[in-house]
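First up is the structure itself, then whatever we jot down about it.
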Amino acid sequence: MIVLGIETSCDDTGIALLKDGRELLANLLSSQVSIHSVFGGVVPELAARKHLATLLPLLHEALEKSGVSLEDIDCIGVTNRPGLVPSLLVGLTFAKGLAYALGRPFIAVNHLEAHTFAIFLEREVEFPFVSLVVSGGHTSLFFVEDYGKMQFLGGTLDDAAGEAFDKVAKLLNLGYPGGPIIDKLARKGDPNAIAFPVAKTPGYSFSFSGVKTAVMSWLKKHKDYKVEDVAASFQEAVIKALVAKTFKAAEYKKVKNIVVSGGVACNSRLRELFTKRAEEEGYRVYFPSPKFCTDNGAMVAFVAYYRFLKGERAYFDVDVASRV
Amino acid sequence: MKTITRSEEETIKVAEDLARRLDKGYLVLLSGELGAGKTRFVQGLAKGLGISDAVTSPTFTIVNEYRGRLPLFHIDLYRLERFPEEDIDLDEMLEKGVAAVEWWGKDRSFFEQYKPRVIVSIRVVSESEREIDIAWEDSSEK
């Protein structure tokens, strides 16, 4: 059985074809198609327009690469929440159109569930586990008992962790995207050089707005500093907060397995600190490969696959939502 | 009117008081550097509008909608160059409730036509102090 996965919740357009829930026939991202010329430089518009122009060529390329025809598609999975409403609408409408024309079912997928289960594209993880989804737009903790059975434990009260990386990179004039730049710089800096405070938040919630403001204030008061030290110290503060809450959740839920996904899960120091703590305390922590950490269509196809097997189908009146 | 606040809580309080005076159709335009507390201010607006959901940063989603005494549309132009009027219907939002826009200075001219509006400028005085300038521009001034 072949599932088409469509992901348009933010900036990247993702299309994937997944066979029997394990064999990835194609997994394409908008950046891999040479359609940039269509836009003729940077047009300051929402990503929605880009998704609209990208989806069809991307689908054609995926079909061509995998030697699959449209009629071979058994089911369509599409992200419908949470995310950028106009962008989500492009993906959902595209999926509905395809489903209707092909006479195939489609399934509306939660983006955060897709990130949580992205690891299953590479290996299985024993249930139950705690899942941290950490990216530019999200920082959320879940308790996961089974396929599709997730309990929200807590999330950010203000900025997502990845957003804090981007904004601090901006404060340091480092460019975009901030995550990989700070990660690289921080390797040459001292993570204990500056003690940036991370707000204490209740339960399993996070707050990263304050640490951004702390960096801003610190930069105003200091002229002579090593940018590597600022990057490393900021990164350390954010990651320590992520580690602390995630392990607190694992302890509370009495689970031994932890899955960390989303774009920020590519960060090398994050992987190091999670792995170290897990080894010290007898936990197992799993990270998907970078290509499955960032937004992609494959993870959406995977969630649609197991939901299809459970008999789930979406109705044509299903809508999008910016928040879950 | 300028006010000095000495903590995030005080900033939230100022916003909460402002929100009580807002009505359907009001546009709140916020400016201030990165980390000045624009989102904090909107959290106060939400509180004043009787919204109990956590107000999170709209940087990635561009628009977040909340239900309260009046619906609040929280918009952020940080990642954009101008207001995306093809995708976001500000008029419709203002018919339903209140809209708060961060980084509105990126498309100053677009917002010219909108009245009534409240312009909120947040200046960083020190690590914890902020000077908040609130200017009301009502439709009668048109």
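Sequence lines set the chain letters: A, B, ... in the order given, protein chains first and strands last, and positions in each chain run from 1.
The number of heavy-atom neighbours closer than 6.0 Å to NZ of A:Lys248, taken from other residues, nucleotides and ligands shown, is above 12. Counting heavy atoms of neighbouring residues, nucleotides and ligands inside a 6.0 Å radius, atom OH of A:Tyr225 exceeds 12 of them. Within 6.0 Å of atom NZ in B:Lys47, 12 or fewer heavy atoms from other residues, nucleotides or ligands are found, so the atom counts as exposed in its surroundings.
Interface remark: of the candidates A:Val215, A:Leu171, A:Leu88, A:Leu171 forms the most heavy-atom pairs closer than 4.5 Å to chain B.
Only the side chain of A:Lys212 comes within contact range of chain B, judged by heavy atoms closer than 4.5 Å. At a 4.5 Å heavy-atom cutoff, the contact between B:Gln43 and chain A is made by side-chain atoms alone. Neither the backbone nor the side chain of A:Ser9 comes within contact range of chain B; no heavy atom of the residue lies under 4.5 Å from a heavy atom of that chain.
When side chains are defined from C-beta on, A:Val85 does not count as touching B:Glu65, because their heavy atoms never get closer than 4.5 Å. Contact annotation: the side chain of B:Arg40 never approaches that of A:Thr213 to less than 4.5 Å [non-hydrogen atoms, C-beta and beyond]. With a 4.5 Å cut-off on side-chain heavy atoms, B:Tyr78 and A:Asp166 do not count as touching. Using a 4.5 Å cut-off on side-chain heavy atoms (C-beta onward), A:Lys167 and B:Ser57 make contact. When side chains are defined from C-beta on, B:Thr61 does not count as touching A:Arg323, because their heavy atoms never get closer than 4.5 Å.
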Check step by step if side-chain contact (heavy atoms from CB on, under 4.5 Å) holds for A:His138 and B:Phe60.
CA-CA 9 Å; A:His138 311 280; B:Phe60 269 76; over 6 Å; no
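For the residue pair B:Ala36 and A:Met216, the shortest heavy atom distance occurs at N-CE, 4.2 Å. The minimum heavy-atom distance linking B:Thr56 with A:Asp158 is given by the pair CB-O, 3.4 Å.
Between B:Arg79 atom CZ and A:Cys10 atom SG the span is 4.5 Å, to the nearest 0.5 Å. Of the inter-residue distances, the one linking A:Ser87 atom OG with B:Asp87 atom CG reads 7.5 Å to the nearest 0.5 angstrom.
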